[in-house]
Amino acid sequence: MRRVRTGASFDVLVIGSGASGLAAAVSAARAGARVGLATKTTLQACNSAKAQGGIQAAFGEDDSPEVHAEDVMRSSHDTANPRLVDVLTSEAPSAIHWLEELGVEFTRQNGGYRLARCGGASRKRLLQVGDRTGHAITKALRESYEAGSGAELPHHELTELRPTEHGWSATFRTKDDDSVEIEAGAIVLGAGGRCYAEAETRGELSTNHPNATGEATRIAMKAGAEARDLDALQYHPNGGAWPATMQGYSIPETTRAYDAVLVNADGEEFTDSLGPRDAVSQAIFEEVAKGKGVLTPDGRPAVWLDTTRIAPEDAEISLPYMLRRYRGAGIDPLAEPIYTYPVLHYQNGGLVIDEHAETTLEGVFACGEIAGGTHGRNRMMGNSLLECTVFGRRAGRAAAERARQ
Ligand SMILES: Cc1cc2nc3c(=O)[nH]c(=O)nc-3n(C[C@H](O)[C@H](O)[C@H](O)COP(=O)(O)OP(=O)(O)OC[C@H]3O[C@@H](n4cnc5c(N)ncnc54)[C@H](O)[C@@H]3O)c2cc1C
(Lines give C-alpha, C1' and ligand atoms only; values in the text may rest on other atoms or scores of the structure.)
Protein backbone atom coordinates (compact mmCIF):
# COMPACT_ATOMS: atom_id res chain seq x y z
CA MET A 1 0.00 0.00 0.00
CA ARG A 2 1.28 3.49 -0.82
CA ARG A 3 0.36 5.84 1.99
CA VAL A 4 -1.93 6.28 4.92
CA ARG A 5 -4.25 9.27 5.10
CA THR A 6 -7.10 9.96 7.41
CA GLY A 7 -10.48 10.43 5.80
CA ALA A 8 -13.70 11.99 7.02
CA SER A 9 -15.65 10.99 10.11
CA PHE A 10 -19.33 10.09 10.28
CA ASP A 11 -22.01 9.36 12.83
CA VAL A 12 -22.79 6.10 11.04
CA LEU A 13 -20.46 4.35 8.63
CA VAL A 14 -22.17 1.64 6.56
CA ILE A 15 -20.00 -0.95 4.83
CA GLY A 16 -21.45 -2.67 1.75
CA SER A 17 -23.92 -1.40 -0.86
CA GLY A 18 -26.24 -4.39 -1.27
CA ALA A 19 -29.84 -4.28 -0.11
CA SER A 20 -28.91 -4.51 3.58
CA GLY A 21 -26.27 -1.75 3.52
CA LEU A 22 -28.46 0.52 1.41
CA ALA A 23 -31.48 -0.01 3.69
CA ALA A 24 -29.31 0.78 6.72
CA ALA A 25 -27.84 3.88 5.08
CA VAL A 26 -31.27 5.21 4.06
CA SER A 27 -32.75 4.60 7.48
CA ALA A 28 -29.76 6.06 9.39
CA ALA A 29 -29.90 9.18 7.21
CA ARG A 30 -33.65 9.47 7.82
CA ALA A 31 -32.95 9.23 11.56
CA GLY A 32 -30.80 12.35 11.21
CA ALA A 33 -27.32 10.79 11.21
CA ARG A 34 -24.39 11.94 9.08
CA VAL A 35 -23.87 8.79 7.04
CA GLY A 36 -20.99 7.42 4.98
CA LEU A 37 -21.56 4.44 2.67
CA ALA A 38 -18.33 2.61 1.87
CA THR A 39 -18.21 -0.29 -0.54
CA LYS A 40 -15.56 -2.51 -2.11
CA THR A 41 -16.06 -1.53 -5.76
CA THR A 42 -19.02 0.34 -7.30
CA LEU A 43 -22.28 1.00 -5.46
CA GLN A 44 -24.10 -1.25 -7.94
CA ALA A 45 -21.85 -4.29 -7.37
CA CYS A 46 -23.51 -6.80 -5.01
CA ASN A 47 -25.46 -10.05 -4.80
CA SER A 48 -28.70 -8.26 -3.98
CA ALA A 49 -29.08 -6.82 -7.48
CA LYS A 50 -28.85 -10.36 -8.93
CA ALA A 51 -31.78 -11.64 -6.87
CA GLN A 52 -34.60 -12.55 -9.17
CA GLY A 53 -37.24 -14.64 -7.45
CA GLY A 54 -38.82 -12.39 -4.87
CA ILE A 55 -39.36 -11.38 -1.26
CA GLN A 56 -41.62 -13.00 1.31
CA ALA A 57 -44.31 -11.23 3.36
CA ALA A 58 -47.58 -12.60 4.74
CA PHE A 59 -50.28 -10.80 2.72
CA GLY A 60 -52.44 -13.78 1.71
CA GLU A 61 -55.88 -14.11 3.34
CA ASP A 62 -54.95 -17.52 4.73
CA ASP A 63 -51.56 -16.27 5.92
CA SER A 64 -50.12 -14.41 8.91
CA PRO A 65 -46.71 -13.46 10.33
CA GLU A 66 -47.12 -16.36 12.76
CA VAL A 67 -47.57 -18.90 9.94
CA HIS A 68 -44.62 -17.31 8.13
CA ALA A 69 -42.54 -17.69 11.33
CA GLU A 70 -43.56 -21.36 11.66
CA ASP A 71 -42.38 -21.98 8.08
CA VAL A 72 -39.02 -20.32 8.81
CA MET A 73 -38.51 -22.35 11.99
CA ARG A 74 -39.46 -25.61 10.25
CA SER A 75 -37.22 -24.93 7.22
CA SER A 76 -34.33 -24.10 9.58
CA HIS A 77 -34.93 -27.40 11.41
CA ASP A 78 -35.51 -25.30 14.55
CA THR A 79 -32.02 -23.83 14.42
CA ALA A 80 -33.12 -20.22 13.77
CA ASN A 81 -33.30 -17.67 16.61
CA PRO A 82 -37.07 -17.33 17.29
CA ARG A 83 -36.71 -13.70 18.47
CA LEU A 84 -35.10 -12.69 15.17
CA VAL A 85 -37.65 -14.74 13.22
CA ASP A 86 -40.48 -12.96 15.01
CA VAL A 87 -39.02 -9.56 14.04
CA LEU A 88 -38.48 -10.73 10.44
CA THR A 89 -42.00 -11.99 9.84
CA SER A 90 -43.97 -9.45 11.87
CA GLU A 91 -42.24 -6.48 10.18
CA ALA A 92 -42.40 -8.01 6.69
CA PRO A 93 -45.62 -6.25 5.57
CA SER A 94 -44.41 -2.83 6.75
CA ALA A 95 -41.02 -3.45 5.10
CA ILE A 96 -42.85 -4.04 1.80
CA HIS A 97 -44.80 -0.78 2.21
CA TRP A 98 -41.53 1.03 2.99
CA LEU A 99 -40.01 -0.29 -0.24
CA GLU A 100 -43.11 0.81 -2.14
CA GLU A 101 -42.82 4.26 -0.64
CA LEU A 102 -39.24 4.33 -2.00
CA GLY A 103 -40.51 3.42 -5.48
CA VAL A 104 -40.52 -0.40 -5.78
CA GLU A 105 -43.52 -1.56 -7.82
CA PHE A 106 -44.38 -5.14 -6.94
CA THR A 107 -46.24 -7.18 -9.56
CA ARG A 108 -49.98 -7.01 -8.87
CA GLN A 109 -52.91 -9.19 -9.83
CA ASN A 110 -56.66 -8.98 -9.18
CA GLY A 111 -56.28 -5.87 -7.03
CA GLY A 112 -53.63 -7.41 -4.74
CA TYR A 113 -50.06 -8.61 -4.92
CA ARG A 114 -49.24 -11.54 -7.20
CA LEU A 115 -48.12 -14.10 -4.62
CA ALA A 116 -46.26 -17.35 -5.32
CA ARG A 117 -45.48 -20.27 -3.01
CA CYS A 118 -41.78 -20.85 -2.58
CA GLY A 119 -39.86 -23.86 -1.29
CA GLY A 120 -40.64 -24.75 2.33
CA ALA A 121 -43.60 -22.34 2.50
CA SER A 122 -47.07 -23.50 3.49
CA ARG A 123 -48.76 -20.48 1.88
CA LYS A 124 -48.42 -18.29 -1.21
CA ARG A 125 -46.27 -15.48 0.16
CA LEU A 126 -43.65 -14.47 -2.40
CA LEU A 127 -43.96 -10.96 -3.86
CA GLN A 128 -42.13 -10.32 -7.10
CA VAL A 129 -41.10 -7.55 -9.43
CA GLY A 130 -41.19 -9.73 -12.57
CA ASP A 131 -38.00 -11.73 -12.14
CA ARG A 132 -35.76 -8.73 -11.37
CA THR A 133 -36.86 -8.21 -7.76
CA GLY A 134 -33.40 -7.56 -6.32
CA HIS A 135 -32.56 -5.13 -9.11
CA ALA A 136 -35.76 -3.16 -8.42
CA ILE A 137 -35.16 -3.06 -4.65
CA THR A 138 -31.50 -2.01 -4.82
CA LYS A 139 -32.24 0.62 -7.48
CA ALA A 140 -34.96 2.22 -5.36
CA LEU A 141 -32.84 2.16 -2.20
CA ARG A 142 -29.78 3.54 -4.01
CA GLU A 143 -31.73 6.35 -5.61
CA SER A 144 -33.24 7.23 -2.25
CA TYR A 145 -29.81 7.33 -0.60
CA GLU A 146 -28.30 9.33 -3.45
CA ALA A 147 -31.11 11.90 -3.18
CA GLY A 148 -30.07 12.67 0.42
CA SER A 149 -26.91 14.18 1.86
CA GLY A 150 -25.10 10.94 2.74
CA ALA A 151 -21.53 10.45 1.46
CA GLU A 152 -20.55 7.70 -0.99
CA LEU A 153 -17.21 5.96 -0.73
CA PRO A 154 -16.91 3.55 -3.66
CA HIS A 155 -13.72 1.47 -4.04
CA HIS A 156 -13.19 1.38 -0.27
CA GLU A 157 -12.48 -2.19 0.83
CA LEU A 158 -12.63 -2.73 4.57
CA THR A 159 -9.39 -4.18 5.94
CA GLU A 160 -9.57 -3.51 9.70
CA LEU A 161 -11.89 -2.40 12.52
CA ARG A 162 -10.63 -0.88 15.78
CA PRO A 163 -12.49 0.57 18.77
CA THR A 164 -11.82 4.23 19.62
CA GLU A 165 -12.76 6.42 22.55
CA HIS A 166 -15.98 7.58 20.84
CA GLY A 167 -16.85 4.66 18.61
CA TRP A 168 -14.96 2.83 15.87
CA SER A 169 -12.23 3.37 13.34
CA ALA A 170 -12.38 1.52 10.03
CA THR A 171 -9.41 1.10 7.71
CA PHE A 172 -9.97 0.74 3.96
CA ARG A 173 -7.90 -0.08 0.91
CA THR A 174 -8.82 2.20 -2.00
CA LYS A 175 -8.63 1.67 -5.76
CA ASP A 176 -5.26 3.44 -5.81
CA ASP A 177 -4.02 1.08 -3.10
CA ASP A 178 -4.08 3.84 -0.50
CA SER A 179 -4.95 3.04 3.09
CA VAL A 180 -7.66 5.30 4.51
CA GLU A 181 -8.88 5.48 8.09
CA ILE A 182 -12.40 6.69 8.81
CA GLU A 183 -13.92 7.20 12.25
CA ALA A 184 -17.57 6.73 13.12
CA GLY A 185 -19.83 6.70 16.16
CA ALA A 186 -21.26 3.41 14.95
CA ILE A 187 -20.55 0.94 12.16
CA VAL A 188 -23.07 -1.09 10.14
CA LEU A 189 -21.66 -4.14 8.37
CA GLY A 190 -23.70 -5.08 5.29
CA ALA A 191 -20.82 -6.73 3.45
CA GLY A 192 -22.61 -9.94 2.45
CA GLY A 193 -21.49 -13.57 2.42
CA ARG A 194 -18.58 -15.58 1.05
CA CYS A 195 -19.92 -18.11 -1.46
CA TYR A 196 -18.00 -16.76 -4.44
CA ALA A 197 -14.67 -17.30 -2.64
CA GLU A 198 -15.79 -20.62 -1.18
CA ALA A 199 -16.81 -21.95 -4.62
CA GLU A 200 -13.44 -20.95 -6.07
CA THR A 201 -11.66 -22.82 -3.28
CA ARG A 202 -13.81 -25.93 -3.86
CA GLY A 203 -13.61 -25.73 -7.65
CA GLU A 204 -17.41 -25.46 -7.88
CA LEU A 205 -19.90 -23.12 -9.52
CA SER A 206 -21.58 -20.31 -7.57
CA THR A 207 -24.42 -17.90 -8.21
CA ASN A 208 -22.56 -15.18 -6.33
CA HIS A 209 -21.00 -11.86 -7.32
CA PRO A 210 -17.16 -11.83 -7.23
CA ASN A 211 -17.23 -9.39 -4.28
CA ALA A 212 -18.79 -12.10 -2.04
CA THR A 213 -15.53 -13.07 -0.41
CA GLY A 214 -16.29 -12.85 3.31
CA GLU A 215 -13.33 -10.89 4.64
CA ALA A 216 -15.56 -8.40 6.52
CA THR A 217 -16.81 -11.28 8.69
CA ARG A 218 -13.25 -12.29 9.50
CA ILE A 219 -12.33 -8.66 10.26
CA ALA A 220 -15.28 -8.31 12.69
CA MET A 221 -14.36 -11.61 14.36
CA LYS A 222 -10.76 -10.48 14.71
CA ALA A 223 -12.11 -7.37 16.49
CA GLY A 224 -13.96 -9.74 18.87
CA ALA A 225 -17.42 -10.26 17.32
CA GLU A 226 -19.07 -13.65 17.80
CA ALA A 227 -20.40 -15.67 14.85
CA ARG A 228 -22.64 -18.71 14.44
CA ASP A 229 -23.34 -21.44 11.86
CA LEU A 230 -20.52 -20.29 9.59
CA ASP A 231 -20.07 -23.83 8.32
CA ALA A 232 -23.69 -23.95 7.05
CA LEU A 233 -23.47 -22.96 3.39
CA GLN A 234 -26.52 -23.28 1.18
CA TYR A 235 -26.69 -24.84 -2.24
CA HIS A 236 -29.28 -23.37 -4.58
CA PRO A 237 -31.02 -26.50 -5.85
CA ASN A 238 -31.35 -25.14 -9.36
CA GLY A 239 -28.10 -23.85 -10.74
CA GLY A 240 -28.01 -23.64 -14.51
CA ALA A 241 -25.89 -26.56 -15.82
CA TRP A 242 -26.18 -26.08 -19.60
CA PRO A 243 -25.64 -24.23 -21.92
CA ALA A 244 -22.18 -23.10 -20.80
CA THR A 245 -23.24 -19.43 -20.65
CA MET A 246 -25.90 -20.37 -18.04
CA GLN A 247 -23.58 -22.37 -15.76
CA GLY A 248 -23.83 -20.92 -12.24
CA TYR A 249 -26.99 -18.97 -13.12
CA SER A 250 -29.61 -19.33 -10.41
CA ILE A 251 -32.75 -20.58 -12.13
CA PRO A 252 -35.45 -18.77 -10.13
CA GLU A 253 -37.28 -20.91 -7.61
CA THR A 254 -40.41 -19.32 -9.02
CA THR A 255 -40.08 -21.76 -11.94
CA ARG A 256 -41.03 -24.47 -9.43
CA ALA A 257 -43.61 -22.20 -7.77
CA TYR A 258 -45.22 -21.98 -11.22
CA ASP A 259 -45.32 -25.79 -11.72
CA ALA A 260 -41.90 -26.80 -13.08
CA VAL A 261 -40.78 -30.11 -11.52
CA LEU A 262 -37.49 -31.95 -11.12
CA VAL A 263 -37.28 -35.23 -13.02
CA ASN A 264 -34.56 -37.86 -13.45
CA ALA A 265 -33.18 -39.51 -16.58
CA ASP A 266 -36.31 -41.69 -16.81
CA GLY A 267 -38.61 -38.67 -16.58
CA GLU A 268 -39.72 -39.59 -13.02
CA GLU A 269 -40.30 -37.00 -10.28
CA PHE A 270 -37.97 -38.00 -7.43
CA THR A 271 -38.62 -35.29 -4.79
CA ASP A 272 -41.08 -32.62 -3.66
CA SER A 273 -39.89 -29.84 -5.96
CA LEU A 274 -41.13 -27.23 -3.47
CA GLY A 275 -39.45 -28.73 -0.40
CA PRO A 276 -36.91 -26.77 1.68
CA ARG A 277 -33.72 -25.96 -0.23
CA ASP A 278 -31.42 -28.33 1.64
CA ALA A 279 -33.83 -31.23 1.09
CA VAL A 280 -34.23 -30.54 -2.63
CA SER A 281 -30.47 -30.13 -3.19
CA GLN A 282 -29.77 -33.33 -1.25
CA ALA A 283 -32.37 -35.23 -3.30
CA ILE A 284 -30.64 -34.13 -6.53
CA PHE A 285 -27.19 -35.15 -5.23
CA GLU A 286 -28.60 -38.58 -4.26
CA GLU A 287 -30.42 -39.12 -7.55
CA VAL A 288 -27.22 -38.42 -9.47
CA ALA A 289 -25.23 -40.69 -7.09
CA LYS A 290 -27.74 -43.49 -7.82
CA GLY A 291 -26.95 -43.15 -11.51
CA LYS A 292 -30.36 -41.69 -12.31
CA GLY A 293 -29.10 -38.27 -13.35
CA VAL A 294 -28.18 -37.03 -16.80
CA LEU A 295 -24.94 -35.59 -18.18
CA THR A 296 -24.72 -32.18 -19.80
CA PRO A 297 -23.11 -32.02 -23.26
CA ASP A 298 -19.83 -31.02 -21.53
CA GLY A 299 -20.03 -33.97 -19.12
CA ARG A 300 -21.35 -32.32 -15.94
CA PRO A 301 -23.81 -34.12 -13.66
CA ALA A 302 -27.38 -32.83 -13.78
CA VAL A 303 -31.08 -33.67 -13.60
CA TRP A 304 -33.91 -32.17 -15.61
CA LEU A 305 -36.05 -29.23 -14.55
CA ASP A 306 -39.21 -29.75 -16.56
CA THR A 307 -40.08 -26.13 -17.28
CA THR A 308 -42.49 -27.10 -20.06
CA ARG A 309 -45.18 -27.44 -17.38
CA ILE A 310 -45.14 -23.67 -16.67
CA ALA A 311 -48.15 -21.90 -18.16
CA PRO A 312 -46.89 -19.42 -20.79
CA GLU A 313 -48.86 -16.54 -19.20
CA ASP A 314 -47.21 -17.19 -15.80
CA ALA A 315 -43.79 -17.33 -17.45
CA GLU A 316 -44.38 -14.06 -19.25
CA ILE A 317 -45.38 -12.23 -16.05
CA SER A 318 -42.99 -13.82 -13.56
CA LEU A 319 -40.06 -15.22 -15.54
CA PRO A 320 -39.39 -12.89 -18.49
CA TYR A 321 -35.68 -12.37 -17.72
CA MET A 322 -35.02 -16.10 -17.30
CA LEU A 323 -36.85 -16.85 -20.59
CA ARG A 324 -34.84 -14.16 -22.38
CA ARG A 325 -31.54 -15.53 -21.05
CA TYR A 326 -32.28 -19.13 -22.08
CA ARG A 327 -33.83 -18.27 -25.41
CA GLY A 328 -30.83 -16.02 -26.13
CA ALA A 329 -28.67 -19.11 -25.53
CA GLY A 330 -30.75 -21.16 -27.97
CA ILE A 331 -33.01 -23.08 -25.55
CA ASP A 332 -36.72 -22.41 -25.03
CA PRO A 333 -37.61 -23.59 -21.48
CA LEU A 334 -41.31 -23.62 -22.36
CA ALA A 335 -40.63 -26.11 -25.19
CA GLU A 336 -37.98 -28.36 -23.59
CA PRO A 337 -36.73 -29.21 -20.08
CA ILE A 338 -33.49 -27.63 -18.89
CA TYR A 339 -30.40 -29.12 -17.22
CA THR A 340 -29.92 -28.20 -13.56
CA TYR A 341 -27.61 -29.06 -10.63
CA PRO A 342 -27.12 -27.45 -7.19
CA VAL A 343 -24.63 -24.56 -6.93
CA LEU A 344 -23.15 -22.73 -3.93
CA HIS A 345 -25.45 -19.85 -3.17
CA TYR A 346 -25.76 -18.50 0.36
CA GLN A 347 -24.01 -18.25 3.71
CA ASN A 348 -26.72 -19.25 6.20
CA GLY A 349 -24.73 -18.32 9.30
CA GLY A 350 -22.85 -15.15 10.20
CA LEU A 351 -22.25 -12.62 12.94
CA VAL A 352 -24.43 -12.99 16.02
CA ILE A 353 -26.91 -10.10 16.29
CA ASP A 354 -29.72 -9.00 18.60
CA GLU A 355 -33.17 -7.71 17.57
CA HIS A 356 -31.66 -4.31 16.72
CA ALA A 357 -29.00 -5.94 14.55
CA GLU A 358 -26.22 -5.09 17.03
CA THR A 359 -23.39 -7.62 17.08
CA THR A 360 -21.69 -8.69 20.29
CA LEU A 361 -19.46 -5.62 19.81
CA GLU A 362 -21.15 -2.48 21.12
CA GLY A 363 -21.62 0.01 18.30
CA VAL A 364 -21.03 -2.52 15.51
CA PHE A 365 -24.22 -3.60 13.73
CA ALA A 366 -24.63 -6.30 11.08
CA CYS A 367 -27.48 -6.98 8.66
CA GLY A 368 -28.18 -9.10 5.61
CA GLU A 369 -26.15 -12.15 4.64
CA ILE A 370 -23.24 -11.26 6.94
CA ALA A 371 -25.50 -11.76 9.99
CA GLY A 372 -26.48 -15.15 11.42
CA GLY A 373 -29.46 -16.50 13.33
CA THR A 374 -32.46 -15.34 11.31
CA HIS A 375 -32.42 -18.42 9.07
CA GLY A 376 -30.58 -20.82 11.35
CA ARG A 377 -28.76 -23.39 9.23
CA ASN A 378 -31.15 -23.38 6.25
CA ARG A 379 -32.68 -20.24 4.73
CA MET A 380 -35.95 -20.19 2.85
CA MET A 381 -35.98 -18.51 -0.50
CA GLY A 382 -37.28 -14.93 -0.43
CA ASN A 383 -36.33 -14.34 3.19
CA SER A 384 -32.92 -12.85 2.45
CA LEU A 385 -34.14 -9.73 0.65
CA LEU A 386 -36.65 -9.47 3.49
CA GLU A 387 -33.93 -9.81 6.13
CA CYS A 388 -31.88 -7.12 4.34
CA THR A 389 -34.81 -4.73 4.44
CA VAL A 390 -36.13 -5.46 7.94
CA PHE A 391 -32.77 -5.68 9.72
CA GLY A 392 -31.11 -3.07 7.49
CA ARG A 393 -33.79 -0.58 8.52
CA ARG A 394 -33.39 -1.56 12.17
CA ALA A 395 -29.59 -1.43 12.03
CA GLY A 396 -29.62 2.06 10.49
CA ARG A 397 -32.02 3.42 13.11
CA ALA A 398 -30.21 1.80 16.04
CA ALA A 399 -26.77 2.86 14.78
CA ALA A 400 -27.96 6.48 14.44
CA GLU A 401 -29.26 6.30 18.01
CA ARG A 402 -26.02 4.73 19.27
CA ALA A 403 -23.95 7.45 17.58
CA ARG A 404 -26.00 10.11 19.39
CA GLN A 405 -25.20 8.62 22.82
C1 LIG B 1 -28.28 -14.97 -8.12
C2 LIG B 1 -28.94 -14.75 -6.79
C3 LIG B 1 -30.32 -14.81 -6.69
C4 LIG B 1 -30.95 -14.60 -5.45
N5 LIG B 1 -32.32 -14.57 -5.37
C6 LIG B 1 -32.91 -14.24 -4.20
C7 LIG B 1 -34.32 -14.05 -4.13
O8 LIG B 1 -35.03 -14.19 -5.11
N9 LIG B 1 -34.85 -13.70 -2.93
C10 LIG B 1 -34.10 -13.53 -1.80
O11 LIG B 1 -34.63 -13.19 -0.75
N12 LIG B 1 -32.76 -13.69 -1.86
C13 LIG B 1 -32.16 -14.03 -3.02
N14 LIG B 1 -30.79 -14.17 -3.07
C15 LIG B 1 -30.02 -13.93 -1.86
C16 LIG B 1 -29.95 -12.44 -1.59
O17 LIG B 1 -30.02 -11.72 -2.78
C18 LIG B 1 -28.65 -12.08 -0.88
O19 LIG B 1 -28.38 -12.96 0.15
C20 LIG B 1 -28.80 -10.70 -0.29
O21 LIG B 1 -29.24 -9.80 -1.27
C22 LIG B 1 -27.50 -10.26 0.31
O23 LIG B 1 -27.58 -8.88 0.55
P24 LIG B 1 -26.46 -8.18 1.38
O25 LIG B 1 -26.77 -6.74 1.38
O26 LIG B 1 -26.30 -8.87 2.68
O27 LIG B 1 -25.11 -8.49 0.57
P28 LIG B 1 -24.72 -8.16 -0.95
O29 LIG B 1 -25.86 -7.79 -1.77
O30 LIG B 1 -23.87 -9.29 -1.39
O31 LIG B 1 -23.84 -6.87 -0.78
C32 LIG B 1 -22.59 -6.90 -0.11
C33 LIG B 1 -21.86 -5.59 -0.39
O34 LIG B 1 -20.70 -5.53 0.43
C35 LIG B 1 -19.59 -5.17 -0.38
N36 LIG B 1 -18.39 -5.69 0.27
C37 LIG B 1 -18.00 -6.98 0.41
N38 LIG B 1 -16.85 -7.04 1.10
C39 LIG B 1 -16.50 -5.76 1.39
C40 LIG B 1 -15.39 -5.16 2.05
N41 LIG B 1 -14.37 -5.87 2.54
N42 LIG B 1 -15.35 -3.80 2.16
C43 LIG B 1 -16.35 -3.04 1.63
N44 LIG B 1 -17.42 -3.56 1.00
C45 LIG B 1 -17.48 -4.90 0.89
C46 LIG B 1 -19.92 -5.77 -1.73
O47 LIG B 1 -19.18 -5.17 -2.76
C48 LIG B 1 -21.41 -5.47 -1.82
O49 LIG B 1 -21.65 -4.15 -2.23
C50 LIG B 1 -30.16 -14.38 -4.30
C51 LIG B 1 -28.76 -14.33 -4.40
C52 LIG B 1 -28.14 -14.51 -5.63
C53 LIG B 1 -26.65 -14.46 -5.71
Side-chain angles (χ1 to χ4, degrees), residues 13-25 37-57 88 92 116 118-119 126-129 131-138 141-142 153-161 170-174 188-197 199 206-220 234 236 238-240 248-254 257 277 321-322 343-348 350-351 366-371 374-375 379-392 395:
L13 178 59
V14 179
I15 293 155
S17 56
S20 67
L22 289 167
L37 176 61
T39 196
K40 198 192 289 194
T41 53
T42 64
L43 253 63
Q44 287 82 357
C46 59
N47 271 345
S48 302
K50 288 161 69 89
Q52 302 165 69
I55 177 167
Q56 290 202 50
L88 180 82
C118 52
L126 192 76
L127 286 84
Q128 308 129 65
V129 183
D131 56 359
R132 304 291 311 276
T133 310
H135 171 77
I137 289 176
T138 47
L141 285 167
R142 202 167 47 245
L153 301 143
H155 299 287
H156 278 60
E157 178 184 349
L158 181 72
T159 55
E160 194 185 357
L161 275 180
T171 310
F172 296 94
R173 184 183 299 121
T174 68
V188 179
L189 296 172
R194 68 174 202 281
C195 280
Y196 184 86
S206 165
T207 59
N208 277 207
H209 187 281
N211 286 359
T213 43
E215 66 279 359
T217 306
R218 290 193 295 276
I219 291 164
Q234 179 169 75
H236 188 299
N238 285 160
Y249 169 76
S250 75
I251 303 167
E253 197 160 307
T254 29
R277 279 191 164 163
Y321 178 69
M322 176 265 197
V343 279
L344 262 183
H345 184 58
Y346 186 79
Q347 169 183 298
N348 290 300
L351 300 173
C367 48
E369 194 167 337
I370 197 173
T374 311
H375 317 291
R379 173 179 73 94
M380 292 175 80
M381 186 238 164
N383 274 346
S384 179
L385 289 173
L386 179 61
E387 172 189 35
C388 289
T389 311
V390 167
F391 286 98

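Counting starts at 1 for both ligands and their atoms, in listed order.
Of the candidates E253, R379, H209, R379 brings a heavy atom nearest to atom 14 (N) of ligand 1. Taking only non-hydrogen atoms, the option from H155, M380, E157, H345 nearest to atom 2 (C) of ligand 1 is H345. Looking at G53, S384, G54, A51, it is G54 that brings a heavy atom closest to atom 9 (N) of ligand 1.
Of all protein heavy atoms, the one lying nearest to atom 37 (C) of ligand 1 is A191 O, 3.3 Å. Given atom 41 (N) of ligand 1, the protein heavy atom at minimum distance is E215 OE2, 2.7 Å. Among all non-hydrogen protein atoms, the one lying nearest atom 25 (O) of ligand 1 is S20 OG, 2.7 Å. When only non-hydrogen protein atoms are considered, atom 47 (O) of ligand 1 lies nearest to N211 ND2, 2.9 Å. Counting only heavy atoms of the protein, atom 29 (O) of ligand 1 lies nearest to S48 OG, 2.5 Å. Closest to atom 45 (C) of ligand 1, if we only count protein heavy atoms, is K40 CB, 3.6 Å. Of the protein's non-hydrogen atoms, the one nearest atom 26 (O) of ligand 1 is E369 N, 2.8 Å. The shortest contact between atom 28 (P) of ligand 1 and any protein heavy atom is with N47 N, 3.7 Å.
A donor atom on one side chain and an acceptor atom on the other are found under 3.5 Å apart for T41 and N211. For Q52 and S250, the side-chain atoms include at least one donor-acceptor pair closer than 3.5 Å. Under 3.5 Å, the side chains of H155 and T174 contain no donor-acceptor pair of N or O atoms.
Every heavy atom of Q128 sits 4.0 Å or more from the atoms of ligand 1. Between E387 and ligand 1 there is no heavy-atom distance shorter than 4.0 Å. Ligand 1 lies nowhere less than 4.0 angstrom from a heavy atom belonging to I55.
In M381, the part holding a heavy atom less than 4.0 Å from any atom of ligand 1 is the side chain. Looking at N383 against ligand 1, only its backbone comes within 4.0 Å, counting heavy atoms. Contact annotation for I15 and ligand 1: only side-chain heavy atoms (C-beta onward) come within less than 4.0 Å of the ligand. Counting heavy atoms under 4.0 Å from ligand 1, residue F172 does not touch it at all.
Side chain of S48 to main chain of G18: no donor-acceptor pair is present (N/O by atom type, distance under 3.5 Å, no hydrogens or angles).
The closest side-chain heavy-atom distance from L13 to F172 is below 4.5 Å. Using a 4.5 Å cut-off on side-chain heavy atoms (C-beta onward), H209 and K40 make no contact.
Ion pair R277/E253 flagged as a salt bridge, since at least one NZ, NE, NH1 or NH2 atom sits closer than 4.0 Å to an Asp/Glu carboxylate oxygen.
Considering both main-chain and side-chain atoms, T39 comes within under 3.5 Å of ligand 1 through a nitrogen or oxygen pair.
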